[in-house]
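Take a look at the structure below.
Count residues from 1 along the sequence.
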Amino acid sequence: MTPSKTIYILNGPNLNLLGQRQPEIYGTNTLADVERNCAAVATEKGFDVRLFQSNHEGVLIDTIHEARQKACGIVINAGAFTHTSVAILDALNTFEGPVMECHISNVHKREVFRHHSYISLRADGVLVGLGVEGYALATRRICSILSA
Ligand code: DQA
């Protein structure tokens with residue numbers, strides 16, 4: 001099988017509302033903007049992206065399982081599941097490529113329950129508080145890890 005050149009950009013609950021939801025925290029860019037920005041970075045480096053969003057934990061886990069065969073790297077903003085989901089951590093632990101964790105807001109400046117991340121136990125890097133630019137930077141980092 002030809003090795004995949006596709007980076008999965010996975011988004012958890014409520015991120016479908018990006019651009020409308022609490023813009024004072026998350027800004028006015030949408031997931032379509034995120035996809036465009038990540039695709040631009042990836043294309044430049046010879047990769048492509050697939051952006052996916054679900055409000056359902058099991059669907060995100062199924063998509064991580066799919067990534068095992070179909071993706072070379074994962075950028076994940078698991079939303080609130082970041083702080084609660086051992087099951088998403090376990091799924092990420094079955095994935096062999098680089099994983100970047102991304103949060104639009106600076107979770108460390110917010111409520112204490114947002115300070116802990118299960119995903120960070122697996123992530124190769126964490127981008128926090130860089131707005132939607134964090135996704136493109138995370139994509140760039142995956143490209144450089146895989147091109148090294
Ligand atoms: C978030 C931070 C989480 O605490 C929150 O539940 C989200 C978004 C972020 O991108 O800043 O849904 O992951």
Side-chain angles (χ1 to χ4, degrees), residues 1-19 21-23 25-54 57 59-110 114-148:
M1 202 169 81
T2 322
S4 168
K5 295 293 257 180
T6 304
I7 299 166
Y8 274 24
I9 316 286
L10 301 184
N11 290 276
N14 302 304
L15 288 161
N16 53 312
L17 297 180
L18 192 61
R21 166 200 187 201
Q22 297 180 279
I25 297 176
Y26 299 113
T28 53
N29 286 114
T30 65
L31 275 191
D33 298 321
V34 168
E35 185 168 33
R36 203 172 312 112
N37 296 343
C38 293
V41 167
T43 308
E44 199 182 293
K45 306 283 180 192
F47 292 85
D48 55 61
V49 300
R50 177 175 172 239
L51 186 138
F52 183 84
Q53 188 277 332
S54 178
E57 189 174 15
V59 176
L60 289 164
I61 292 166
D62 289 342
T63 308
I64 293 165
H65 293 174
E66 178 190 295
R68 284 161 48 78
Q69 308 300 327
K70 296 196 175 162
C72 56
I74 294 177
V75 175
I76 182 164
N77 181 353
F81 290 148
T82 304
H83 319 299
T84 61
S85 182
V86 176
I88 291 179
L89 168 64
D90 285 350
L92 288 169
N93 278 331
T94 74
F95 181 77
E96 288 182 2
V99 174
M100 291 291 146
E101 175 180 357
C102 176
H103 299 286
I104 298 162
S105 65
N106 180 359
V107 284
H108 301 293
K109 215 176 161 185
R110 300 180 65 192
R114 294 186 205 275
H115 296 181
H116 177 262
S117 164
Y118 285 102
I119 311 289
S120 292
L121 292 166
R122 165 63 181 89
D124 298 296
V126 183
L127 293 97
V128 165
L130 304 180
V132 293
E133 281 177 60
Y135 287 91
L137 292 166
T139 303
R140 184 177 297 281
R141 177 67 184 149
I142 287 185
C143 293
S144 48
I145 291 170
L146 292 172
S147 304

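The CD1 atom of I7 lies 10.0 Å from the CE atom of M100; values are rounded to the nearest 0.5 Å. With rounding to the nearest 0.5 Å, the separation of CD in Q22 from CD1 in I104 is 11.0 Å. Separation of atoms CG (N93) and CG (L89) is listed at 4.5 Å; rounding is to 0.5 Å. In this structure, the separation between CZ on F95 and CD1 on I64 is 9.5 Å, given to the nearest 0.5 Å.
The side-chain contact (heavy atoms from CB on, under 4.5 Å) check on N14 picks up R21, with sequence neighbours excluded. Residues meeting the salt bridge (charged side-chain N to carboxylate O under 4.0 Å, His left out) test with R36, sequence neighbours left out: D33. A search for side-chain hydrogen bond (donor to acceptor under 3.5 Å, both in side chains) contacts involving T82 returns nothing, not counting sequence neighbours. T28 meets the side-chain contact (heavy atoms from CB on, under 4.5 Å) test with P23; sequence neighbours excluded. Under the rule for a salt bridge (charged side-chain N to carboxylate O under 4.0 Å, His left out), the partners of R114 that lie at least two apart in sequence or sit in another chain are E111. Applying the ring-ring contact (aromatic ring centres under 6.0 Å, His included) rule to H115 yields the partners H108; only residues at least two apart in sequence or on another chain are considered. Residues meeting the side-chain contact (heavy atoms from CB on, under 4.5 Å) test with A87, sequence neighbours left out: E57, I61, S85. By the salt bridge (charged side-chain N to carboxylate O under 4.0 Å, His left out) test, D90 pairs with no residue at all, sequence neighbours left out. Residues passing the side-chain contact (heavy atoms from CB on, under 4.5 Å) test with H116 are Y118, sequence neighbours excluded.
Sequence neighbours left out, the pairs with a member in residues 132-148 that pass side-chain hydrogen bond (donor to acceptor under 3.5 Å, both in side chains) are N11-Y135, N77-Y135. Within the structure, salt bridge (charged side-chain N to carboxylate O under 4.0 Å, His left out) contacts touching residues 121-130 (residues at least two apart or in different chains) are R122-D124.
With E101 contributing its side chain and A123 its backbone, the two residues share no donor-acceptor pair below 3.5 Å.
Within the 4.5 Å cutoff, the side chain of R110 has heavy atoms near those of the I25 side chain. Within the 4.5 Å cutoff, no side-chain heavy atoms of L60 are placed close to those of I76. Between V132 and L18, the closest side-chain pair of non-hydrogen atoms falls below 4.5 Å.
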**OP:** Please test L10 against T63 for side chain to side chain contact (heavy atoms under 4.5 Å, CB included), starting from the C-alpha separation and ending with a verdict.
**Re:** CA-CA 8 Å; L10 301 184; T63 308; 3.7 Å; yes

Original post:
Would H103 and L130 satisfy side chain to side chain contact (heavy atoms under 4.5 Å, CB included), going step by step from the backbone distance to the final call?
Top reply: CA-CA 8 Å; H103 299 286; L130 304 180; over 6 Å; no

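Nearest heavy-atom pair across A136 and C38 is N-SG, 3.9 Å. Counting all heavy atoms, side chain and backbone alike, H65 lies closest to A91 at NE2-CB, 4.1 Å. Of all heavy-atom pairs spanning C72 and P98, the tightest one is O-CD, 3.3 Å. The shortest heavy-atom contact between C102 and G134 is SG-C, 3.7 Å.
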Got a list of side-chain donor-acceptor pairs under 3.5 Å for residues 40-50, not counting sequence neighbours?
| residue | atom | partner | partner atom | Å |
| --- | --- | --- | --- | --- |
| T43 | OG1 | A39 | O | 2.6 |
| D48 | OD1 | T6 | OG1 | 2.7 |
| R50 | NH1 | Y8 | OH | 3.4 |
| R50 | NH1 | E66 | OE2 | 2.8 |

